[in-house]
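Note that the numbering runs from 1 along the sequence shown for the chain. Remember, predicted model here, so these are calculated numbers, not experimental data.
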Amino acid sequence: MIEKPRFFKKILKNGMTVIFEERKWSGVVSVAIAVQHGGLHEAEEEKGISHFIEHMLYRSTKNRTPKQISEDIEKNGGILNGFTEEELTAFWCKMPSKHLDMALDVLSDMILNPLFDEDEMNKERLVIFEEMKMRRDVPSIFITDKIQGLLYAGNLGHDLIGTEKSMNSITREKMREKFQKAYGSQNLILCVVGDCDFKSLCEFAEKNFKKSGFKIPEPKITLKNGQKIERKKGIDQANLILAYHAPRAFTKQSYVSQVLSCLMTGGMSSRLFQEIREKRNLAYVVKGGYNGAKRFGYNSIFVGTTADKVEIVKKLIIEEFTKLKTLSENELNQVKEQLIGNSKISREDSQGQMIDLLYNEVWGDAKRSYRYEENIRKVKLADVKKLAKINKYSFIALVPEDK
């Protein structure tokens, strides 16, 4: 019989937060060290610095070369990765539980002892420039990056990865200063899911991370809406996104927003997939999702279609929202079951649960992860219908340039 997982949380004397879900039966651990700082906390002229720092922490430490960082995880059967978002930056690995000490040692070494070598910085800057090109060249990624600029003014409206200009302005001194202000123990979270001991985790974090850090200034969020159509040579398909402001994460209404998003784009049975692809054969891909965070939220709908069908698809999306005034309790309950089931599938894996706990902690409380089913079931039909009355939205399309 599989044991029920147990949850633990502690804020240490050094200010660091440790969250842990015990899974003694699993034989693996997923480990992350995250800082509550990301693209949203950058000034416009330094845009991309959080993502740049993430890359540089893999480039070398006082104790390890880049190869040694990856080898110490991978040659012990693990996987290593990281990500930068608007409100957090995280470094994580997943590996057999018998190698937990190595996982903690590598991740803490990256956080505590980065070299920020200038030659390595210049090399990695070139890597990020190539990443920028990739994001511009792939239409679906390009418009996903650009939609926030039509939903928000100021910092949140700029690409997380930055620009060539902002990236070229980031010196070693600027990077070290930003790192020292953001990566103090009071802003760090150690999140672990798997077969290990909570007390030992806390002892490790308390011993290795000395109390440090500055309070990160609260960013300003300014909403707006806009529409834009861009043309590009060398593509055959038009890609479009329609997005609208939604409740931020960790609010009751955020669950309503997730239900609404699932109704419209949650798989092949969703309303928009059925209407646009199955009924009218206007697209291959119809998808979307709720993009929630502690300070902002929006729902988005992505469709790939032919250039002359862009306006038709846009009209169909808007019309489908108006049809939700006849939404039934039966359909609502079906979508609730879909969301709850998908959540269970995602969290079955220790890595998926680690990320879910981490997000919930950044949003306010990791324990909310365990109340997901309860909160989804509380969503009322009237609230979904009310949120479905989309009066304002943003829209972007990237279409083939006329030959």
Side-chain angles (χ1 to χ4, degrees), residues 140-141 143-144 147 151 239-293 296-305 313-349 352-353 355-356 359-360 363 368-369 371-390 393-395:
S140 59
I141 297 177
I143 61 170
T144 300
I147 192 63
L151 288 164
N239 286 248
L240 64 90
I241 291 179
L242 186 147
Y244 55 94
H245 296 291
R248 59 186 176 84
F250 211 65
T251 62
K252 290 181 180 179
Q253 288 296 104
S254 68
Y255 298 99
V256 180
S257 190
Q258 291 177 60
V259 169
L260 176 58
S261 179
C262 189
L263 271 166
M264 303 306 279
T265 58
M268 293 187 290
S269 61
S270 65
R271 287 192 168 213
L272 285 172
F273 190 97
Q274 287 292 313
E275 182 68 24
I276 295 171
R277 173 171 162 164
E278 298 297 276
K279 182 179 177 181
R280 300 177 185 269
N281 312 118
L282 292 173
Y284 173 68
V285 177
V286 179
K287 62 182 181 180
Y290 168 65
N291 303 277
F296 65 95
Y298 63 92
N299 280 2
S300 61
I301 299 150
F302 171 89
V303 181
T305 188
V313 169
K314 179 182 175 184
K315 183 181 178 182
L316 289 171
I317 293 171
I318 297 168
E319 287 178 350
E320 202 61 36
F321 275 95
T322 66
K323 294 178 184 178
L324 286 177
K325 61 187 177 184
T326 62
L327 179 67
S328 68
E329 286 282 359
N330 182 58
E331 187 178 2
L332 175 63
N333 289 332
Q334 288 176 338
V335 171
K336 288 180 181 180
E337 289 298 326
Q338 181 178 349
L339 283 167
I340 291 165
N342 289 344
S343 174
K344 288 180 178 179
I345 290 169
S346 172
R347 293 164 51 192
E348 180 183 30
D349 179 78
Q353 178 62 351
I355 297 298
D356 194 68
Y359 281 144
N360 277 282
W363 296 338
R368 193 186 72 155
S369 173
R371 299 195 295 270
Y372 184 78
E373 178 174 350
E374 173 190 343
N375 288 320
I376 287 293
R377 292 202 185 280
K378 287 180 180 178
V379 172
K380 298 184 182 303
L381 183 64
D383 292 334
V384 177
K385 290 181 177 181
K386 182 178 179 180
L387 196 61
K389 295 177 181 179
I390 308 299
Y393 59 85
S394 293
F395 179 83

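Side chains of I317 and L240 form a contact here, defined as non-hydrogen atoms less than 4.5 Å apart. Annotation: side chain of L263 is not in contact with side chain of S270 (no heavy-atom distance under 4.5 Å). In this structure, the side chains of N291 and S300 come closer than 4.5 Å at one or more pairs of heavy atoms. Contact annotation: the side chain of Y393 approaches that of K314 to within less than 4.5 Å [non-hydrogen atoms, C-beta and beyond]. You'll find the side chain of I241 stays beyond 4.5 Å of the side chain of I301, heavy atoms only. At a threshold of 4.5 Å between non-hydrogen side-chain atoms, the residues N281 and I276 do not count as touching. The closest side-chain heavy-atom distance from Q258 to V335 is not below 4.5 Å. In this structure, I318 and L242 have side chains that are in contact, with non-hydrogen atoms separated by less than 4.5 Å.
Using modelled atom types and a 3.5 Å distance limit, the side chains of D356 and S346 yield no donor-acceptor pair. Between S140 and N239, the side chains place no donor N or O within less than 3.5 Å of an acceptor N or O (distance only, hydrogens not considered).
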* Asked: After noting the C-alpha distance and the side-chain angles of L324 and M264, does the key distance pass the side-chain contact (heavy atoms from CB on, under 4.5 Å) rule?
  -> CA-CA 10 Å; L324 286 177; M264 303 306 279; 3.7 Å; yes

* Can Q353 and S369 be said to form a side-chain contact (heavy atoms from CB on, under 4.5 Å), step by step? -> CA-CA 9 Å; Q353 178 62 351; S369 173; 3.6 Å; yes

* Verify side-chain hydrogen bond (donor to acceptor under 3.5 Å, both in side chains) between Y255 and N375, making sure each step is shown before the conclusion. => CA-CA 7 Å; Y255 298 99; N375 288 320; 3.2 Å; yes

For residues 378-388, which side-chain N or O atoms pair as donor and acceptor with protein atoms under 3.5 Å away, sequence neighbours left out?
{"from": "K378", "atom 1": "NZ", "to": "E374", "atom 2": "OE2", "distance (Å)": "3.2"}
{"from": "K385", "atom 1": "NZ", "to": "K325", "atom 2": "O", "distance (Å)": "3.2"}

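Identified under the ring pair (Phe, Tyr, Trp, His ring centres under 6.0 Å) test for residues 318-344, with sequence neighbours left out: Y244-F321.
Within the 3.5 Å criterion, the main-chain N or O of C262 finds no donor-acceptor partner in the side chain of R271. Looking at Q274, its side chain does come within 3.5 Å of a backbone N or O of M268 through a donor-acceptor pair.
The 12-atom threshold is exceeded at CZ of R368, counting heavy atoms of other residues, nucleotides or ligands nearer than 6.0 Å. Remark: K252 NZ is loosely packed, at most 12 non-hydrogen atoms of other residues, nucleotides or ligands lying under 6.0 Å away. Within 6.0 Å of CD on E348 lie no more than 12 heavy atoms contributed by other residues, nucleotides or ligands.
Atom CD of residue E331 and atom OG of residue S269 lie 9.0 Å apart, to the nearest 0.5 angstrom. Considering OG1 of T305 and OH of Y284, their distance stands at 14.5 Å, rounded to 0.5 Å. Atom OG1 of T265 sits about 7.0 Å away from atom CG of L272, to the nearest 0.5 Å. A distance of 12.5 Å separates CD of Q334 from CG of L339, quoted to the nearest 0.5 Å. Atom CZ of R347 is separated from atom CG of N342 by 12.5 Å, given to the nearest 0.5 angstrom.
Between W363 and A249 the shortest heavy-atom distance is CD2-CB, 3.6 Å. Across Y290 and P247, no two heavy atoms sit closer than the pair OH-O, 2.6 Å. In terms of heavy-atom proximity, G267 sits nearest to F273 at O-CB, 3.5 Å.
Scored by the side chain to side chain contact (heavy atoms under 4.5 Å, CB included) test, I355 finds F83, Y359 as partners (sequence neighbours excluded).
Under the 4.0 Å criterion applied to side-chain N and carboxylate O atoms, E373 and R377 are assigned as salt-bridge partners.
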